Protein chains: 2
Amino acid sequence: MTFESTKSLSASLEDYLQAIFWTAAAKGAARAKDIARQLGVKASSVTGALQTLAEKRFVHYQPYEAITLTAEGFDEAARVAQRHFIVREFFVTVLGLDRAVAEEEACRTEHCLGDDIAERLATLMEFVKAHPDMESGVSQLLAERYRSAEIPAQVRRGLVTVADLRSGQKAVIVAVRSGGALARRLVDMGLGRGALVEVEGAAPTGDPIRVKIRGYQLALRRTEAAVISVVGK
Amino acid sequence: MTFESTKSLSASLEDYLQAIFWTAAAKGAARAKDIARQLGVKASSVTGALQTLAEKRFVHYQPYEAITLTAEGFDEAARVAQRHFIVREFFVTVLGLDRAVAEEEACRTEHCLGDDIAERLATLMEFVKAHPDMESGVSQLLAERYRSAEIPAQVRRGLVTVADLRSGQKAVIVAVRSGGALARRLVDMGLGRGALVEVEGAAPTGDPIRVKIRGYQLALRRTEAAVISVVGK
DNA sequence: TGACGGAATTAGGCAAGACTAATAATATTG
DNA sequence: CAATATTATTAGTCTTGCCTAATTCCGTCA
Ligand SMILES: [Mn+2]
Ligand SMILES: [Mn+2]
Ligand SMILES: [Mn+2]
Ligand SMILES: [Mn+2]
């Protein structure tokens with residue numbers, strides 16, 4: 001028996017499939033050489049991939065002959081290409097990425113996002129395009145923030161601090177951003193780089209904030225909490 | 001010489017780093033056993049990964065001793081954790097994904113998105129949260145569209161057709177959705193499944209649309225173009 | 001102290017996916 | 001049509017990352 005169990009393709013094989021998809025669309029069929037050039041691999045790697053794809057019934061392959069996709073191969077390739085397209089357009093039109101960068105990032109991302117998420121991204125894009133005020137609002141905010149490439153990303157966006165965490169959320173402290181005395185006091189309480197904090201709750205006014213650290217409870221003033229940068233769990 | 005050339009980590013090693021990051025935050029240091037359990041691998045795989053990470057100076061590692069991150073390891077782990085967090089929150093709060101699904105998809109996606117894109121996603125999220133009408137609008141549209149799981153995704157969102165393409169754009173035909181006579185005529189003109197079309201332009205009114213296929217130029221009525229489903233390049 | 005049991009490491013194997021080098025098939029062309 | 005050039009395949013190697021099995025280390029307890 002030993003049926004083809006594996007339903008899904010590796011990122012690498014998805015790229016081979018797409019290369020064949022686009023070449024066959026343009027020229028009717030693909031040759032190993034075309035694929036090798038497009039993917040930047042050696043011809044022998046192409047042969048190997050084709051044998052695997054043929055075994056999985058995604059391509060019509062006979063040694064030395066031109067390569068075409070089976071119906072399943074075409075469907076699979078079209079789905080990957082669709083993800084590629086949606087993700088790239090999202091990066092460009094919503095996130096304001098440079099087209100070339102977006103193309104490259106999309107070609108990686110296409111393999112790890114499900115069709116589901118791609119569909120939702122497309123819907124989000126539609127929505128944004130249908131509301132020009134939002135489109136311009138988003139792009140303006142992004143442009144402002146990412147204009148100068150020198151400023152490190154974390155400073156640009158402003159790090160999340162303990163003051164931003166919701167109740168029950170856990171996070172790791174990455175920095176205590178304050179001068180000597182306060183910083184020392186916080187670190188002495190256990191609130192140093194690398195420590196895990198959990199927000200227990202806050203007073204109705206939002207001040208003080210109750211946190212748990214190393215099993216102990218602490219109450220922090222909002223101004224203190226706002227000085228502790230974290231990465232959330 | 002032979003300096004550590006490779007600056008970037010594999011997806012697998014990034015996951016090991018994160019496991020150490022969270023365990024060390026909670027308990028001060030990690031043991032191989034903790035890591036193995038979290039990642040669902042055998043202890044011997046952990047040893048291997050630790051040796052690699054130690055060589056790359058991301059962990060402090062002595063056989064049989066507790067494991068901690070170096071300063072560089074901590075920074076790297078924090079960056080991956082940050083991407084994980086941002087991506088998951090984006091999937092949940094903007095795309096309306098189920099938390100558990102989002103967590104899983106994020107744990108894959110964290111390895112293929114650059115910090116840059118994660119930052120931009122965070123900014124987009126901020127913007128959405130700051131504009132409640134947008135938040136509700138998007139979530140309503142998504143909810144409507146993805147309510148019933150039976151409807152296939154492509155039907156839900158409505159496929160892109162030749163009528164939707166911008167000038168100069170290339171695409172592959174995946175289906176001709178129409179009854180007999182028209183479909184046959186279009187296919188006879190070369191507009192069949194798998195063919196590459198390029199939109200050359202459209203009349204000011206948007207009808208007809210000039211397309212190029214197999215080197216030939218064709219003029220399509222808008223109603224005809226709207227029947228040809230494609231995936232864009 | 002010494003024996004035991006759990007934790008960690010080593011040794012060796014396997015699969016995927018790339019590479020080089022050698023070889024074979026096909027195309028081109030005088 | 002034979003010689004040559006191009007293209008493709010095979011054979012064998014390497015790396016990564018996982019596995020199992022065997023072995024070693026170490027903390028605990030009688
Ligand atoms: Mn790709
Ligand atoms: Mn791609
Ligand atoms: Mn992960
Ligand atoms: Mn993760």
Side-chain angles (χ1 to χ4, degrees), chain A residues 2-20 23-24 27-68 76 80 107-108 110-112, chain B residues 2-20 23-24 27-68 76 80 107-108 110-112:
Chain A
T2 173
F3 278 121
E4 288 322 310
S5 45
T6 346
K7 53 256 355 290
S8 202
L9 292 171
S10 66
S12 169
L13 289 180
E14 282 187 351
D15 278 339
Y16 280 101
L17 222 49
Q18 271 184 106
I20 300 166
T23 307
K27 313 201 304 187
R31 309 282 345 197
K33 203 185 102 173
D34 306 319
I35 301 169
R37 188 178 27 73
Q38 274 179 76
L39 299 182
V41 299
K42 298 294 167 178
S44 57
S45 305
V46 175
T47 303
L50 288 174
Q51 289 167 344
T52 308
L53 288 172
E55 211 167 277
K56 294 181 188 291
R57 313 267 151 193
F58 285 120
V59 299
H60 296 296
Y61 169 66
Q62 290 296 113
Y64 299 103
E65 293 190 359
I67 298 132
T68 54
E76 193 62 39
V80 183
C107 210
R108 229 159 348 106
E110 69 195 0
H111 310 291
C112 62
Chain B
T2 171
F3 278 122
E4 288 319 310
S5 44
T6 347
K7 51 260 345 307
S8 202
L9 292 172
S10 68
S12 171
L13 290 180
E14 283 187 350
D15 278 340
Y16 280 100
L17 221 50
Q18 271 184 105
I20 300 166
T23 307
K27 313 202 302 185
R31 309 283 343 199
K33 205 184 104 173
D34 306 319
I35 302 169
R37 188 178 27 72
Q38 275 180 74
L39 298 182
V41 299
K42 297 295 167 179
S44 57
S45 305
V46 176
T47 303
L50 288 175
Q51 289 166 345
T52 309
L53 288 172
E55 210 166 280
K56 295 182 188 292
R57 313 271 152 188
F58 284 120
V59 299
H60 295 295
Y61 170 66
Q62 290 295 114
Y64 299 103
E65 293 190 1
I67 299 131
T68 54
E76 192 63 40
V80 183
C107 209
R108 229 158 349 103
E110 69 195 2
H111 309 291
C112 63

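Residue numbering restarts at 1 for every chain, and letters A, B, ... go by the order of the sequence lines. Nothing here was measured: the structure is a model prediction, and the numbers come from that model.
Contacts classified as salt bridge (charged side-chain N to carboxylate O under 4.0 Å, His left out) and involving residues 40-52 of chain B (residues at least two apart or in different chains) are not found.
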Which protein N or O atoms sit under 3.5 Å from an N or O of nucleotides 6-10 of chain D?
| residue | atom | partner | partner atom | Å |
| --- | --- | --- | --- | --- |
| D:dT7 | OP1 | A:Lys33 | NZ | 2.7 |
| D:dA8 | OP1 | A:Arg31 | NE | 3.2 |
| D:dA8 | OP1 | A:Ala32 | N | 3.4 |
| D:dA8 | OP2 | A:Lys33 | N | 2.8 |
| D:dT9 | OP1 | A:Tyr61 | OH | 2.4 |
| D:dT9 | OP1 | A:Tyr64 | N | 3.3 |
| D:dT9 | OP2 | A:Thr47 | OG1 | 2.7 |
| D:dT9 | O4' | A:Tyr64 | OH | 3.3 |
| D:dT10 | OP2 | A:Gln51 | NE2 | 2.7 |

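Contacts of B:Ala66 classified as side-chain contact (heavy atoms from CB on, under 4.5 Å), with partners at least two apart in sequence or in another chain: B:Ala29, B:Arg31. Looking at residues two or more places apart in sequence or on another chain, you find no disulfide (SG to SG under 2.5 Å) involving A:Cys107. For A:Ala49, the side-chain contact (heavy atoms from CB on, under 4.5 Å) partners are A:Leu13, A:Tyr16, not counting sequence neighbours. Scored by the salt bridge (Lys or Arg N to Asp or Glu O under 4.0 Å) test, B:Asp34 finds B:Lys27, B:Arg37 as partners (sequence neighbours excluded). In this view, B:Ala11 and B:His111 satisfy the side-chain contact (heavy atoms from CB on, under 4.5 Å) rule, not counting sequence neighbours. For A:Gln38, the side chain to side chain donor-acceptor pair (under 3.5 Å) partners are A:Thr23, not counting sequence neighbours.
Look at CD1 on B:Ile35: it is 16 Å from C1' on D:dC18, rounded to the nearest Å. Distance B:Lys42 NZ to D:dA22 P: 15 Å, rounded to the nearest Å.
A:Thr52 comes within contact range of no nucleotide atom at all, as no heavy-atom separation falls under 4.0 Å.
Once you apply a 4.0 Å limit to the heavy atoms of chain B, the touched nucleotides of DNA chain C run 5' to 3' over C:dA7 to C:dT10.
With rounding to the nearest 0.5 Å, the separation of CG in A:Leu17 from CG in A:Leu50 is 10.0 Å.
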